[in-house]
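Source: prediction; values computed, not measured.
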There are 2 protein chains.
Amino acid sequence: MSVDLRVVKTRERLHESLIALLKEMPLEKIKISVLCQRAQINRGTFYLHYESIDALFADFFEQIIADLREAYLEPLRTKSPLKIKELDPKTVRIFHHIKKYESFYRIVFSKNVPLAYYYMLLEQITLNLQQNTKATHVDNDYFIAYQANAIIGLALQWAQRDFQETAEELSEILVKILRSKSE
Amino acid sequence: MSVDLRVVKTRERLHESLIALLKEMPLEKIKISVLCQRAQINRGTFYLHYESIDALFADFFEQIIADLREAYLEPLRTKSPLKIKELDPKTVRIFHHIKKYESFYRIVFSKNVPLAYYYMLLEQITLNLQQNTKATHVDNDYFIAYQANAIIGLALQWAQRDFQETAEELSEILVKILRSKSE
DNA sequence: TCACTTATTGAACATCTGTTCATTAAAAAT
DNA sequence: ATTTTTAATGAACAGATGTTCAATAAGTGA
């Protein structure tokens, strides 16, 4: 009753093939036909599993987002919800996460890629913020959206600088910004 | 030495054709072949002007961004740079701008569209913020990136709510958020 | 092990893409 | 008004897409 082994193998081969090709060319240049050739998979079979290269990549990114979800749970074991004034840069996990998967986030943040990946990341950060903050504002959804996008904004800027700074430095910048407003 | 009339006409027809088709189907479903058929333009001619449907749309969006640039200059005629504490919701123009071009921003914020449009909007908001704020932070670029993306974040949330609120309400929410941090 | 279920295959098809090139025709320059 | 310039055309091409369908073979379950 579990998943058919053939399905598992096919998806595995497609995944491996994508990773291999990503080392040779940008995501948008990868053709389904070439991917399948490499993976030794019939092109028609590809469409039984994914509708596009982007959907295949989204499958990967889903796993990465899952890792972010778990990373966020870590600092919350100590105390929750966090208050800005007590916020220690060391409890901020997001930038370490991004650095860990830097090669993926270079793609996720690249111009020719669909906005869908941005939304996937945004959704997870939003969920994390919702759990960590009390609903103090009347317009809480907007407040959360503001914060979540602002954090991604730092990540975008970081990417634009080719990830020169360390994750710790980014965390400190975030904390500094958050504190600078409650002076 | 001005632009050849034929070029102007061709681009005009392509623009009109795109607008017409956007009323029938989402951007990503518009085929170059169909667009050219409608515009009575040879398909090869399309490629003399644009490399893709996305590039054609970007051409439109460029004009819209230009309108945003001008709209931002308006409240600055009174006093500059603005300070948060004096910030009046009526001086915030961004949400009126988005509401004005709502049908375009529904596309710009949609999942299957390239991130490039987001960056175009981000760049303009960033430029506007850079002009309106003094460089108080050491990490000023990050601070600006934080603010600019946060504002777009409000717009994204607004779009997700199908633009139910008025532009004034969004402006007030922004001002409220900015003030709530300097209490 | 054998019968069953179903994922994968290969071939074929219409459509769309991106490009080339000689020809035509529209606009600019004189 | 005529020449010159160059944008637009139409045809043709290889390659990629997305889909269908009967045949095959791999995996499941008894």
Side-chain angles (χ1 to χ4, degrees), chain A residues 1-60 62 107 110-117, chain B residues 1-60 62 107 110-117:
Chain A
M1 180 62 241
S2 63
V3 184
D4 195 311
L5 259 188
R6 288 170 295 185
V7 173
V8 176
K9 281 185 184 174
T10 298
R11 292 200 175 144
E12 247 174 31
R13 271 189 286 178
L14 289 174
H15 276 220
E16 284 166 11
S17 187
L18 179 63
I19 293 296
L21 283 170
L22 278 174
K23 286 172 183 162
E24 296 175 27
M25 59 186 81
L27 184 65
E28 65 268 21
K29 290 225 170 147
I30 297 177
K31 304 296 172 190
I32 292 173
S33 50
V34 174
L35 180 89
C36 293
Q37 209 172 300
R38 290 276 195 114
Q40 298 271 60
I41 294 292
N42 190 276
R43 197 164 55 83
T45 306
F46 176 90
Y47 290 104
L48 293 174
H49 296 279
Y50 306 100
E51 69 164 351
S52 63
I53 296 283
D54 283 332
L56 172 58
F57 184 84
D59 212 43
F60 267 93
E62 189 61 60
I107 297 169
S110 69
K111 279 175 26 175
N112 299 310
V113 121
L115 199 52
Y117 308 144
Chain B
M1 179 65 240
S2 65
V3 185
D4 196 310
L5 260 187
R6 288 169 294 182
V7 172
V8 177
K9 280 185 185 173
T10 298
R11 293 202 174 142
E12 248 173 30
R13 270 188 287 176
L14 288 174
H15 276 219
E16 284 165 11
S17 188
L18 178 62
I19 293 295
L21 283 170
L22 277 174
K23 287 171 182 161
E24 296 174 28
M25 58 185 81
L27 184 65
E28 65 267 22
K29 290 225 172 150
I30 297 177
K31 305 294 171 191
I32 291 174
S33 50
V34 175
L35 179 88
C36 294
Q37 208 172 300
R38 291 277 195 112
Q40 298 271 60
I41 295 290
N42 189 276
R43 195 163 56 81
T45 306
F46 176 90
Y47 290 104
L48 293 174
H49 298 278
Y50 306 100
E51 69 164 349
S52 63
I53 296 284
D54 283 332
L56 174 57
F57 184 84
D59 212 42
F60 267 95
E62 191 60 59
I107 296 168
S110 67
K111 280 177 22 176
N112 298 312
V113 120
L115 199 52
Y117 308 144

> Any side-chain heavy-atom pair from A:K31 and A:I53 closer than 4.5 angstrom?
Replying inline: no
> Could you give the distance from CD1 (A:I32) to OH (A:Y50), rounded to the nearest 0.5 Å?
Replying inline: 12.5 Å
> D:dT19, D:dA8, D:dG27: which one has an atom nearest the side-chain heavy atoms of A:Y47?
Replying inline: D:dT19
> How close or far is atom P of D:dG18 from atom CG of A:D54, stated in whole angstroms?
Replying inline: 11 Å
> More than 12 heavy atoms of other residues, nucleotides or ligands under 6.0 Å from CD of B:Q40: is that the case?
Replying inline: no
> To the nearest Å, how far apart are A:L14 CG and C:dA7 C1'?
Replying inline: 13 Å
> Should A:T10 be listed as having a side-chain N or O under 4.0 Å from OP1 or OP2 of C:dT8?
Replying inline: yes
>> Can a donor-acceptor pair be found, under 3.5 Å and without considering hydrogens, that links the side chain of A:S110 to the backbone of A:I107?
In response: yes
>> With a cut-off of less than 4.0 Å, is there a side-chain N or O of A:H49 near OP1 or OP2 of C:dA7?
In response: no
> When you match B:L5 and B:I53 each to their closest nucleotide on DNA chain C, which lands nearer the 5' end?
Replying inline: B:I53
> Taking side chain as C-beta onward, heavy atoms only, is B:I41 less than 4.5 Å from B:L35?
Replying inline: no
> Does the D:dG27 base have a donor-acceptor partner in the side chain of A:D4 within less than 3.5 Å?
Replying inline: no
> Using a cut-off of less than 4.0 Å, is there contact between a side-chain N or O of B:K9 and OP1 or OP2 of C:dA27?
Replying inline: yes
> Is A:E28 atom CD crowded by more than 12 heavy atoms from other residues, nucleotides or ligands, each under 6.0 Å away?
Replying inline: yes
> CD of A:Q40 versus C1' of D:dA26: gap in Å, rounded?
Replying inline: 16 Å
>> Any N or O donor-acceptor pair under 3.5 Å from the base of D:dA26 to the side chain of A:R6?
In response: yes
>> Rounded to whole Å, please give me the gap between CG in A:L48 and P in C:dT5.
In response: 20 Å
>> Quick check: do B:L18 and B:L14 have side-chain heavy atoms less than 4.5 Å from each other?
In response: no
> Just how far, in rounded Å, is P of D:dA8 from CD of B:E12?
Replying inline: 12 Å
>> Any residue in residues 25-39 of chain B with a heavy atom nearer than 4.0 angstrom to DNA chain D? Just list them by number, or reply none.
In response: none
>> As a test of reading the structure: which of D:dT9, D:dA12, D:dT28 is closest to the side chain of B:R43, going by heavy atoms?
In response: D:dA12
>> Using whole Å, what does the distance between atom C1' of nucleotide D:dT17 and atom CZ of A:F46 come to?
In response: 11 Å
